[in-house]
Engineer: 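One structure, pasted below without further comment.
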Amino acid sequence: VSRPLPPEGNRNALLALHYHEGDPLREAETRAHVEGCAECQEYLAMLRQVEASLRGWADETPPAGVWETVRARIAQAPRPLQARPLPGAAALLVLLPAIAAALAVVRVVGATLKSLPFWPWLAQWPGVEIVGSSGVAALLLLVLGGLGSLALAPALLLESRQRARAASAW
Amino acid sequence: MDQRSDEALAAEVARGDAEALRCLFMRYQVPAFNLILRLTGDREMARDLLQEAFTRVWTMADTFDPGRGEFKGWLFTIALNAARSELAKKRHGVSHVEPDEASLVSEAEGPEALLARSEDEKRVAGALGRLTPLLREVVVMKVFHQLKFREIAQVTHTPEGTLKARFHRAVAELRGHLGGPRGDRE
């Protein structure tokens with residue numbers, strides 16, 4: 001009984017053998033080792049003995065009425081969040097007016113840009129020459145949108161972290 | 001009995017289906033209750049925490065991701081965390097647990113067998129109660145619930161190597177607390 005335990009690496013190999021959680025080849029090697037090693041045999045015997053003793057505590061049936069309490073509690077608890085479905089064809093149809101409105105905004109901003117006094121100078125730039133006033137307007141709106149998102153980023157990040165923390169707490 | 005998989009039922013729960021939650025409750029009430037009971041050693045607390053765990057399953061169902069593991073592991077994580085925080089509040093072990101008389105008399109055993117079982121349960125509960133909570137967790141999940149170390153690692157968010165080291169330590173301590181099984185001692 002007072003024999004020292006095998007080193008941890010060996011003990012882990014013994015656990016893998018005992019619970020069949022290791023690589024079969026490694027298991028066969030460990031089994032072969034155990035056959036000639038009194039220390040490892042003793043360790044496995046102790047493991048089996050402790051397990052057998054522990055299993056003296058059989059599973060119990062939960063008391064009656066637990067489900068009824070859960071049912072009453074979930075009736076008052078917030079409903080789980082609804083799964084967010086992917087946009088279907090109907091949702092895309094709803095998006096069409098929004099797309100049309102965005103194009104109209106681009107067109108108006110483009111026309112406004114064209115009427116500005118510095119437009120002839122800007123129009124000489126190689127890229128601007130190709131995309132025209134609407135292209136520049138779209139780019140401008142995109143940049144403004146991006147800056148707006150960046151401004152909101154800390155708040156969004158904070159919210160997503162809070163949500164992740166709440167999820168991992170369970 | 002509902003034939004749907006745990007993951008399909010969990011998805012229904014996330015959509016607000018209370019009947020799906022009832023199916024999961026029926027499947028897992030016994031293992032979840034016994035996990036909590038063996039961790040806390042308190043039947044009353046185990047019942048309360050079982051209720052709490054399934055209420056959390058309801059409210060947090062949308063955070064369950066089948067790609068990250070099975071439902072059972074997720075439920076065990078919920079139950080384990082509930083037990084951990086309750087134990088941290090109350091700071092008590094499991095040595096005071098007494099055998100459940102209702103479960104003892106429900107089986108067709110003679111009085112001597114019942115007494116022996118009751119003594120065994122007290123002895124095991126007492127030995128588990130002398131372990132630190134972290135050692136107790138790994139022993140309970142490994143021996144009573146037959147989880148693989150990989151699964152326990154997922155449930156406890158602990159590296160497998162650490163869990164194995166804890167398990168070796170727990171077994172060595174339990175050997176001292178338990179002695180041999182009943183048959184060996186008589």
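The figures that follow rest on heavy atoms only: side chains count, while hydrogens, waters and symmetry mates do not. Please read these numbers as outputs of a predicted model, since none were measured by experiment. Below, chain A is the first sequence line, B the second, and so on; all start at residue 1.
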Engineer: For Trp74(B) and Phe71(B), take the angle between the two ring planes, folded into 0 to 90°, and tell me which bin it lands in: parallel under 30, tilted 30 to 60, perpendicular over 60.
Structural biologist: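 Tilted.
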Engineer: Can you confirm if the aromatic rings of Phe149(B) and Phe167(B) lie within a centre distance of less than 6.0 Å?
Structural biologist: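 Yes, ring centres under 6.0 Å apart.
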Engineer: Between Phe64(B) and chain A, with a heavy-atom cut-off of 4.5 Å, which part of the residue counts as in contact: side chain, backbone, both or neither?
Structural biologist: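 Contact with chain A: none, neither part.
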Engineer: Pick whichever of Glu160(B), Gln29(B), His177(B) has the most heavy-atom pairs under 4.5 Å with chain A.
Structural biologist: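 Counting heavy-atom pairs under 4.5 Å, the top option is Gln29(B).
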Engineer: With heavy-atom distances below 4.5 Å as the criterion, would you say the side chains of Phe76(B) and His145(B) are in contact?
Structural biologist: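 Answer yes - side chains close enough.
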Engineer: Sort Gln146(B) into side chain, backbone, both or neither according to what part of it lies under 4.5 angstrom from a heavy atom of chain A.
Structural biologist: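 For Gln146(B), the contact with chain A is made by the side chain alone.
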Engineer: Chain A heavy atoms under 4.5 Å from Val140(B): which part of the residue, side chain, backbone, both or neither?
Structural biologist: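 When you check distances to chain A, no heavy atom of Val140(B) falls under 4.5 Å.
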Engineer: Quick one: what part of Leu54(A) sits under 4.5 Å from any heavy atom of chain B, side chain, backbone, both or neither?
Structural biologist: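 Answer is both: backbone and side chain atoms of Leu54(A) are under 4.5 Å from chain B.
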Engineer: Give, as side chain, backbone, both or neither, the part of Leu21(B) having an atom under 4.5 angstrom from any heavy atom of chain A.
Structural biologist: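 Both backbone and side chain.
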Engineer: Any pair with a residue in residues 147-157 of chain B that passes salt bridge (Lys or Arg N to Asp or Glu O under 4.0 Å), sequence neighbours left out, goes on the list, sorted by first then second residue, please.
Structural biologist: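 Passing the test, one end in residues 147-157 of chain B: no pairs.
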Engineer: Verify the cluster assignment for Leu44(A) and Leu174(B): are they in a single hydrophobic cluster under the rule of side-chain heavy atoms below 4.5 Å apart?
Structural biologist: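 Same hydrophobic cluster.
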